[in-house]
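Written below as structure tokens is the structure these notes are about.
FYI, side chains are in, hydrogens and waters are out, and symmetry mates aren't considered; it's all heavy atoms of this structure. Proteins get letters first, then strands, A, B, ... in listed order; numbering begins at 1 in each.
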Number of protein chains: 2
Amino acid sequence: MASGEKLPSGAMDIHAEAEPLRLEGFLPYRLNMLATEVSQTLARAYGRKFGISIPEWRVLATLGQFGVMTARDIGGHSRMHKTTVSRAVAALEKRRLIVRRANRADMREAFLALTDAGTAIYQEIVPMARAFSDSLCAGLSETELRQMNALIDKLAERVASLGTG
Amino acid sequence: MASGEKLPSGAMDIHAEAEPLRLEGFLPYRLNMLATEVSQTLARAYGRKFGISIPEWRVLATLGQFGVMTARDIGGHSRMHKTTVSRAVAALEKRRLIVRRANRADMREAFLALTDAGTAIYQEIVPMARAFSDSLCAGLSETELRQMNALIDKLAERVASLGTG
DNA sequence: ATTTGATCGTTTCAAGTGAAACAAACTCAC
DNA sequence: GTGAGTTTGTTTCACTTGAAACGATCAAAT
């Protein structure tokens, strides 16, 4: 390099210090902060009221939506680890909020479904969750909400391809 | 109720079953799926390479950005639990990636800062994190990126008020 | 100076988590 | 059928996490 020549903001100098990363502007960090806060705020609400953990709520929610499912399908749909599903299912069965019925065509798996008590709790939590989500979205216009969902879809697709590819 | 009179989609019937919640369209659920996937994909990258956990990376990143801080400030800024910070700091200090210096004006707290080795690792991880974030955002236009950030801000503000209020 | 109450940080303890190992049940080729 | 490999779900183990209790320090009031 010619002496006396100034580097254009260090771009060519491999020994230059990297710009520090501004966390407040770093998308993965921002996403995580938001999601954690949202998740925990909601979980505090139904946790206090029904003694339900997050994995248990996810199992209830999945069965409430789809009716009858195997543990494997629940895990696949809600992206929970199979051990997490196994334990949540065991806890819910013990409290008689779900029932397990054998699949005689495949004895490895079992069909899971909400009991009446489970359905009752589910139907109490759902409006609560809806109210929370609604009041969370209350600051957003219809357009912004659509944008948000479209952006989440795009990013989810993107990160999936980064993980595997 | 007058017999033969139809309820408008059950709106007035308190015994009507609630509509099941569609999880795929439920914002808190969607946000959490995305953030978890993003966080873990990035963590796998620097975790494999440097043996750094997520809390440890957050401490490094915070110190890298702000220079000198107390454990309390790190926790406050990155919203980590003080015990999580305490243990991450202990681990990083043991590996001599950060140093702890007494604040003689307040002996409860201590000033933390990156060592040369810590700075070196930080400056290796930062470009990695930037590359990840960039390739995550590669599918978004400049406008979409601005929108995403604005929407995250709005929702974060909103959830904060829901938690306290 | 002493007391009171708040704050910083660590440690303890109980609960939750995933990787790995595992048993049981299935499929398919032979 | 028998055996090899796969799949479902549980259990074990090691690790992480946060609530609570704790020691140490500080600030304010008396």
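- Every residue meeting the salt bridge (charged side-chain N to carboxylate O under 4.0 Å, His left out) condition with B:R100, not counting sequence neighbours, appears here in chain and number order: B:E93.
- Applying the side-chain hydrogen bond (donor to acceptor under 3.5 Å, both in side chains) test to A:Q147 and every residue at least two apart in sequence or in another chain returns nothing.
- Rounded to a whole Å, the CE atom of B:M69 is 15 Å from the C1' atom of C:dC8.
- Pairs of residues two or more places apart, or lying in two chains, that qualify as ring pair (Phe, Tyr, Trp, His ring centres under 6.0 Å) and include a residue from residues 19-54 of chain B are B:Y46-B:W57.
- Every side-chain contact (heavy atoms from CB on, under 4.5 Å) that B:N32 has, sequence neighbours left out, goes to A:A35, A:S39, A:R58, B:T36.
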Only distances under 3.5 Å count here; give the side-chain donor-acceptor pairs of residues 82-89 of chain B to other protein atoms, sequence neighbours excluded, each with its distance to 0.1 Å.
{"unit_1": "B:T83", "atom_1": "OG1", "unit_2": "B:H81", "atom_2": "ND1", "d": "2.9"}
{"unit_1": "B:T83", "atom_1": "OG1", "unit_2": "B:R87", "atom_2": "NH2", "d": "3.4"}

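- Checking A:D106 against A:I54, the closest nucleotide of DNA chain C that is more toward the 5' end is the one next to A:I54.
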Would you tabulate the nitrogen or oxygen pairs shorter than 3.5 Å linking the protein to nucleotides 14-16 of chain C?
none

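- Of the residues in residues 77-102 of chain A, those with a non-hydrogen atom less than 4.0 angstrom from any atom of DNA chain D are A:K82, A:T83, A:S86, A:R87, A:R100.
- The environment of B:E24 atom CD is dense: over 12 non-hydrogen atoms of other residues, nucleotides or ligands sit within 6.0 angstrom.
- Chain A approaches DNA chain D within less than 4.0 angstrom (heavy atoms of the protein), and the contacting nucleotides run 5' to 3' from D:dT7 to D:dT12.
- Remark: A:H77 engages no residue in a side-chain hydrogen bond (donor to acceptor under 3.5 Å, both in side chains) (not counting sequence neighbours).
- Taking the side-chain hydrogen bond (donor to acceptor under 3.5 Å, both in side chains) definition, one finds that A:S133 meets it with nothing, sequence neighbours left out.
- Put simply, CE on B:M107 is 16 Å from C1' on C:dT10, counting in whole angstrom units.
- Residues that satisfy the side-chain contact (heavy atoms from CB on, under 4.5 Å) test with B:E157, not counting sequence neighbours, are absent from this structure.
- Under the side-chain hydrogen bond (donor to acceptor under 3.5 Å, both in side chains) criterion, B:R108 pairs with B:D106, not counting sequence neighbours.
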